[in-house]
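All chains are named by letter (A, B, ...) in the order of the sequence lines, taking the proteins before the strands, and each is independently numbered beginning at 1.
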Amino acid sequence: MHEYSLVEALITRVEAEVHRRKALKVHGLSVRIGELAGVDAGLFQTAYDTFRAGTVCAEAPLTMRRIPASWSCPSCRAVIPRGAPLRCDACAAPARLDDGGDALTLDGIDLEVP
Amino acid sequence: MCTTCGCGDTELVPVELHEKILAGNDRAARHNREHFLEAGVLALNLMGSPGAGKTAVLEATARAAAPKGWRLGAVSADLATDNDAVRLVKAGIPSHAITTGQACHLDADLVHRSLHGIAWQRTDVFFIENVGNLVCPAIYDLGQAANVVVLSVTEGEDKPLKYPTMFLAADLVVVSKCDLIPHLDFDMAALDDAIARVMPRPRVLKLSARTGQGLDQWVAWIEEQRLAHGLVGKVAGLAAHVHAPKP
Ligand SMILES: Nc1nc2c(ncn2[C@@H]2O[C@H](COP(=O)(O)OP(=O)(O)OP(=O)(O)O)[C@@H](O)[C@H]2O)c(=O)[nH]1
Ligand SMILES: [Mg+2]
Ligand SMILES: [Zn+2]
Ligand SMILES: [Zn+2]
Ligand SMILES: [Zn+2]
Ligand SMILES: [Zn+2]
């Protein structure tokens, strides 16, 4: 259950930003989780709800943007059908994961500042 | 202060970050990678389910790679024991246990700290045996040169489809315990097919630590990696790991 250690890293990062900007309150944060990020969104939410109590994020709702994984050919741009072998037969080339499919990012924080 | 009229009201500002949640780990991993490459060490991260045969592959590597004259070393993650490190030392690989307690994966800091317990600079090939787990270890960069996923024939051909993130991270899949195939309903073609659907550059080796089958190809793959990372002929063991470990 690395979701807990991820949430810990996330909250530590938010705390640093709050400190840096002398923020009074965190109103929300948004994260992006790709289908191939190796993270279970439900577990991530549970971990967040467990961990945020007593932290700067205590009253900050978490917005999760989930990105489906899609693959395409780097040379002819053909889309690889979902579930198919990850190569373009026409170009004899390995497929490339489109942006966001493995994302695990903190996109933004809504901060209340003086 | 409110910028419109200068009253004392607070303001709500959206701070755009777009930062990797694992940025801290990635930084520590880059640091480890510099250490390994400076010292001429090929670091390999071995992942796989509990009992997939990771330690057995390493024990067999000590025998199979003997003619190469490589100096081997390892750190081995274990929740509670140091059994694997003891087994590896017995097999002739200087090893150190990383007791992870509850953690279900290694991270770059854990690996960095463990380096202080072993003369890793005086190795040519350094194995990092990760916690037995097909999920979490995949997303933690440790500073390795390559990721190896050990998958035993007893685990079923569909594992790559169920754990795509692990196989996406893999540079090589080692299919282990192949000596058991005659006793199982195991379909190697189905496994190869599943791997091709989760790994864009599939690279698969079939071996048995028991019979020694496939170990030559495994040793050849390691040699190829040393070459690819510019480590062949490099004067190793000079870079000193001088700075103090992080607390
Ligand atoms: N028949 C056969 N058994 C094997 C082979 N390799 C490993 N085993 C057996 O599989 C079991 C697990 O092997 P380990 O090497 O301890 O596996 P591991 O992946 O290191 O396990 P953990 O570190 O505990 O996750 C042991 O009982 C081994 O004897 C093999 O090539 N053939
Ligand atoms: Mg082991
Ligand atoms: Zn985990
Ligand atoms: Zn193409
Ligand atoms: Zn105002
Ligand atoms: Zn260091």
Region of A:Ala37 that comes under 4.5 Å of a non-hydrogen atom in chain B: backbone

Heavy-atom contact with chain A under 4.5 Å, split by part of B:Met199: backbone

Heavy-atom check, side chain of A:Arg13 versus side chain of B:Leu17, under 4.5 Å: yes

Residue B:Leu12 versus chain A: region with a heavy atom under 4.5 Å: both

Rounded distance [0.5 Å steps], CG in A:Leu97 versus CG in B:Leu168: 6.5 Å

Segment of A:Arg96 engaging chain B (4.5 angstrom heavy-atom cut-off): neither

Leading residue by heavy atom contact count with chain B [cutoff under 4.5 Å; candidates A:Asp102, A:Asp110, A:Leu10, A:Ile109]: A:Ile109

Between CG on residue A:Leu36 and CZ on residue B:Phe167, distance to nearest 0.5 Å: 13.0 Å

Note, A:Val39 side chain near B:Ile21 side chain (heavy atom, < 4.5 Å): no

Under 4.5 Å from any heavy atom of chain B - which part of A:Glu3: neither

Segment of A:Ile80 engaging chain B (4.5 angstrom heavy-atom cut-off): neither

A:Leu24 side, atom CG; B:Glu11 side, atom CD - distance, nearest 0.5 Å: 11.0 Å

Among B:Arg201, B:His18, B:Met166, residue most engaged with chain A (heavy-atom pairs, under 4.5 Å): B:His18

Structural part of A:Val31 lying under 4.5 Å from a heavy atom of chain B: side chain

Test item: A:Asp40 and B:Val135 side chains (from C-beta on) under 4.5 Å apart, heavy atoms: no

Chain A contact via B:Tyr163 - side chain, backbone, both or neither, heavy atoms under 4.5 Å: neither

Chain A contacts, top residue of B:Cys136, B:Pro137, B:Ala194 (heavy-atom pairs, under 4.5 Å): B:Cys136

Contact class of A:Arg87 relative to chain B, heavy atoms under 4.5 angstrom: neither

Where B:Val198 and A:Leu86 come nearest, the two heavy atoms and their spacing: C-CD1, 3.3 Å

Contact leader toward chain B among A:Ser30, A:Ala93, A:Ala84, A:Ser5, where contacts are heavy-atom pairs under 4.5 Å: A:Ala84

Rounded distance [0.5 Å steps], OG1 in B:Thr10 versus CG in A:Leu111: 11.5 Å

Inter-residue atom distance B:Glu19.CD - A:Thr105.OG1, 0.5 Å rounding: 9.5 Å

Closest non-hydrogen atom pair, B:Pro200 against A:Ala95: CB-O, 3.5 Å

